[in-house]
Amino acid sequence: QDKEKLEICKLNDPPSAETVKDMIKYARNVIEEFRRAKHYKYILCLTLTPLACELLEICELSLDKMGAVFEDSNVYMLHMMYQAMGVCLYVQDWEGALCYGQKIIRPYSKHYPSYSLNVASMWLKLGRLYMALKNRTAGVKALKRAIAIMEVAHGKDHPYISEIKKELEDH
């Protein structure tokens, strides 16, 4: 699956091997930069809004740059989208988080095994975001997909599954 995970944009004039290599180097560097920025946030106890905006800007700029070479299903793109989604959740930008989550779920479902808790976790986040944004139909569908995976991974009697089912009943 490495080829799928490192998918390059399908262009009339495909990027050179050197361009791809440089973009992978860039992606690794920006991911490390993002980790350091997140780490400093906790150490320095900076106010959340300016730093979150800075972190989101790092994500968006790197996604724009990498998007010229990589498909959205590329693991480096997915990593930055996931980080951007996390920042959006942190600042309670539900629409922004949902937008990133919707871009992430299909490649996650392709890259991870059928009953991966990473996929279940993403469906759970999407379900809760849909519910928060008053899209009950999409929320129920996403939460049921999360439950279906989690029942296989954890077993049908797991307390976490009961909690999500209760959540569904309450909405």
Side-chain angles (χ1 to χ4, degrees), residues 1 4-7 9-10 27 30-31 34-35 37-38 41-42 46-67 70-171:
Q1 283 188 327
E4 287 177 4
K5 290 180 181 178
L6 296 174
E7 197 162 359
C9 288
K10 289 162 184 58
V30 79
I31 287 168
F34 186 86
R35 284 187 183 131
K38 273 180 35 179
K41 178 189 86 174
Y42 296 115
L46 296 174
T47 59
L48 84 101
T49 307
L51 184 62
C53 290
E54 185 180 321
L55 292 174
L56 191 54
E57 188 175 349
I58 291 171
C59 293
E60 290 171 348
L61 290 173
S62 65
L63 284 167
D64 283 346
K65 184 170 181 169
M66 290 187 294
F70 298 148
E71 287 290 338
D72 280 354
S73 60
N74 183 291
V75 291
Y76 295 111
M77 293 288 286
L78 288 170
H79 179 83
M80 289 313 297
M81 284 188 264
Y82 187 82
Q83 296 303 321
M85 182 182 183
V87 174
C88 290
L89 289 170
Y90 191 70
V91 296
Q92 299 180 358
D93 173 6
W94 308 137
E95 289 90 359
L98 181 63
C99 183
Y100 284 112
Q102 289 170 327
K103 290 179 183 179
I104 292 169
I105 192 61
R106 186 170 291 130
Y108 261 40
S109 299
K110 189 167 97 173
H111 293 326
Y112 286 109
S114 301
Y115 298 104
S116 167
L117 290 176
N118 290 319
V119 177
S121 174
M122 187 55 63
W123 279 120
L124 183 61
K125 287 176 186 168
L126 285 171
R128 288 177 172 161
L129 285 166
Y130 283 124
M131 291 297 207
L133 294 168
K134 308 294 186 228
N135 186 343
R136 185 174 174 10
T137 304
V140 167
K141 184 178 176 183
L143 290 173
K144 284 183 176 181
R145 291 186 85 164
I147 290 169
I149 295 169
M150 293 168 72
E151 284 180 339
V152 173
H154 290 307
K156 293 180 186 269
D157 298 329
H158 194 279
Y160 199 48
I161 294 167
S162 302
E163 181 183 315
I164 298 166
K165 286 181 178 178
K166 173 126 177 53
E167 203 175 312
L168 273 172
E169 291 171 11
D170 292 345
H171 280 91

From [X] atom [atom1] to [Y] atom [atom2], the distance as rounded to the nearest 0.5 Å:
X: Ile58; Y: Gln83; atom1: CD1; atom2: CD; value: 10.5 Å
X: Glu60; Y: Tyr100; atom1: CD; atom2: OH; value: 4.0 Å
X: Met81; Y: Cys99; atom1: CE; atom2: SG; value: 10.0 Å
X: Met66; Y: Cys9; atom1: CE; atom2: SG; value: 11.0 Å
X: Glu167; Y: Leu143; atom1: CD; atom2: CG; value: 6.0 Å
X: Ile105; Y: Leu126; atom1: CD1; atom2: CG; value: 5.5 Å

Taking all non-hydrogen atoms of both residues, which atom of [X] and which atom of [Y] are closest, and how far apart?
X: Ser62; Y: Met80; value: OG-CE, 3.4 Å
X: Ala97; Y: Cys88; value: N-CB, 3.5 Å
X: Leu78; Y: Ser73; value: CD1-O, 3.4 Å
X: Ile149; Y: Ala120; value: CG2-CB, 3.6 Å

Side chains of [X] and [Y]: does their closest heavy-atom pair fall under 4.5 Å?
X: Leu63; Y: Leu61; answer: no
X: Lys65; Y: Val30; answer: no
X: Val91; Y: Leu56; answer: no
X: Leu129; Y: Met85; answer: yes
X: Leu6; Y: Phe70; answer: no

Excluding sequence neighbours, so at least two apart, what forms side chain to side chain contact (heavy atoms under 4.5 Å, CB included) with [X]?
X: Ala153; value: Leu117
X: Ser116; value: Tyr112, Pro113, Asn118, Val119
X: Glu163; value: Arg128, Tyr160
X: Glu95; value: Asp93, Leu133

Does anything in residues 137-153 pair up under salt bridge (Lys or Arg N to Asp or Glu O under 4.0 Å), and if so which pairs, sequence neighbours excluded?
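Every pair satisfying salt bridge (Lys or Arg N to Asp or Glu O under 4.0 Å) with a residue in residues 137-153: Glu151-Lys156, Glu151-Lys165.
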Residue pairs passing the salt bridge (Lys or Arg N to Asp or Glu O under 4.0 Å) test where at least one lies in residues 71-89, sequence neighbours excluded:
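Listed once each, the pairs would be none.
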For [X], side chain to side chain donor-acceptor pair (under 3.5 Å) partners two or more places apart:
X: Gln102; value: Tyr130
X: Asp157; value: none
X: Ser109; value: none

Yes or no on side chain to side chain contact (heavy atoms under 4.5 Å, CB included) for Leu168 and Ile147, after CA distance, side-chain angles and deciding distance?
CA-CA 11 Å; Leu168 273 172; Ile147 290 169; 3.7 Å; yes
Partner set under ring pair (Phe, Tyr, Trp, His ring centres under 6.0 Å) for Tyr82, not counting sequence neighbours
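Tyr82 satisfies ring pair (Phe, Tyr, Trp, His ring centres under 6.0 Å) with no residue once adjacent residues are dropped.
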Which ring-ring contact (aromatic ring centres under 6.0 Å, His included) pairs, counting each pair once, include a residue from residues 140-159, with sequence neighbours left out?
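Checked against ring-ring contact (aromatic ring centres under 6.0 Å, His included) - neighbours excluded - the pairs reaching residues 140-159 are His154-His158.
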Is the number of heavy atoms from other residues, nucleotides or ligands within 6.0 Å of NZ (Lys125) greater than 12?
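Above 12, so yes.
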